[in-house]
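We name chains A, B, ... by the order of the sequence lines, and we start the count at 1 in each one.
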Amino acid sequence: MHFYERVYAVVEQIPPGRVTTYGLIADFLALGSARMVGWALNQSHKSGLDIPAHRVVNRKGELSGRAHFPGEGVMQQRLEAENIEITDHRVKDFEKLLWIPSEHLL
DNA sequence: GTCTTGACTTCGG
DNA sequence: GCCGAAGCCAAGA
């Protein structure tokens with residue numbers, strides 16, 4: 001079990017309409033570095049798995065990973081499809097929609 | 001083997 | 001509140 005497989009497991013648990021951050025996932029899995037989460041998700045498309053990576057944003061609620069999606073604006077569209085409002089590449093009411101792994105997973 | 005590069009975060013100024 | 005620097009750690013060159 002590589003660390004990125006655990007990242008996928010957590011990301012898959014994020015409920016639709018909610019978001020979480022790289023740092024929270026890194027902390028919950030004790031990865032020691034939030035960058036590893038982003039790196040893991042970068043590999044996710046390669047794994048052929050369907051990971052809802054659009055629900056993972058940086059600590060400010062910005063869609064920092066949008067550039068790595070297949071098309072332009074794909075990340076935002078997927079979030080809007082879950083009733084999450086995006087303004088200027090940021091999640092509206094980010095703090096309210098924030099889903100904290102440690103409060104829901106063990 | 002070292003060096004660079006990040007879908008990041010925190011701290012000092 | 002906004003920079004710049006540093007810390008972080010796994011790939012890829």
Side-chain angles (χ1 to χ4, degrees):
Chain A
M1 182 73 115
H2 294 277
F3 76 92
Y4 49 81
E5 295 180 68
R6 296 196 288 155
V7 173
Y8 302 158
V10 173
V11 174
E12 286 176 335
Q13 301 307 311
I14 305 172
R18 305 295 298 281
V19 296
T20 195
T21 73
Y22 301 95
L24 251 25
I25 295 173
D27 183 66
F28 177 68
L29 296 177
L31 298 182
S33 175
R35 293 189 158 188
M36 306 288 57
V37 178
W39 181 85
L41 291 178
N42 193 27
Q43 301 297 309
S44 67
H45 71 89
K46 198 171 163 187
S47 304
L49 302 173
D50 184 24
I51 306 298
H54 55 281
R55 298 189 191 130
V56 184
V57 297
N58 69 6
R59 70 174 176 123
K60 295 185 255 179
E62 297 173 329
L63 281 48
S64 53
R66 73 192 123 81
H68 295 265
F69 277 77
E72 186 101 7
V74 172
M75 186 173 187
Q76 176 170 341
Q77 288 169 23
R78 288 195 173 174
L79 289 169
E80 290 175 335
E82 298 178 357
N83 294 322
I84 297 177
E85 299 179 60
I86 306 299
T87 60
D88 193 31
H89 296 151
R90 273 169 237 183
V91 176
K92 186 181 179 186
D93 295 327
F94 166 64
E95 295 185 1
K96 289 173 109 181
L97 298 177
L98 182 60
W99 183 84
I100 301 169
S102 59
E103 290 184 356
H104 300 272
L105 304 176
L106 297 177

Worksheet item: Atom NE2 of A/H54 and atom C1' of B/dA7: how far apart are they, to the nearest Å?
Response: 14 Å
Practice prompt. Measure up the A/Y8 and A/Y4 rings against each other and bin them: parallel (under 30°), tilted (30 to 60°), perpendicular (over 60°).
Written response: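 Answer is tilted, since the angle falls between 30° and 60°.
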Discussion item. The side chain of A/N58 is closest to which nucleotide in this list: B/dT9, B/dA7, C/dG12?
Written reply: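 Selected nucleotide: B/dT9.
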Cut-off 3.5 Å, no hydrogens considered: what does the side-chain donor-acceptor table look like for residues 95-106 of chain A, sequence neighbours left out?
none

Fill in: Passing candidate, side-chain contact (heavy atoms from CB on, under 4.5 Å) with A/H54, options A/V19, A/V74, A/L79
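Output: one option passes, namely A/L79.
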Worksheet item: With A/F28, which of A/V37, A/T20, A/V10 fulfils side-chain contact (heavy atoms from CB on, under 4.5 Å)?
Response: A/V10
Enumerate the protein-to-nucleotides 8-10 of chain C contacts in which both atoms are nitrogen or oxygen and the separation is below 3.5 Å.
unit_1 : atom_1 : unit_2 : atom_2 : d
C/dC8  : O3'    : A/G32  : O      : 3.1

Worksheet entry | Stepwise side-chain contact (heavy atoms from CB on, under 4.5 Å) check, A/L31 with A/Y22 | CA-CA 11 Å; A/L31 298 182; A/Y22 301 95; over 6 Å; no
Item to complete: Would you mind classifying the nucleic acid contact of A/A26 as base, sugar-phosphate or nothing, using non-hydrogen atoms under 4.0 angstrom?
Response: nothing
Discussion item. At a heavy-atom distance below 4.0 Å, what parts of residues 59-89 of chain A sit against DNA chain B?
Written reply: A/R59, A/S64, A/G65, A/H68, A/F69
Worksheet item: Does atom CD of A/Q13 have more than 12 heavy-atom neighbours from other groups under 6.0 Å away?
Response: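 Yes, the 6.0 Å shell around CD holds more than 12 heavy atoms from other groups.
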Discussion item. Quick check against the 3.5 Å criterion: does A/H45 have a side-chain atom that pairs as donor or acceptor with the backbone of A/N42?
Written reply: yes
Worksheet item: Please walk me through it: do A/L63 and A/V91 pass side-chain contact (heavy atoms from CB on, under 4.5 Å)?
Response: CA-CA 8 Å; A/L63 281 48; A/V91 176; 3.9 Å; yes
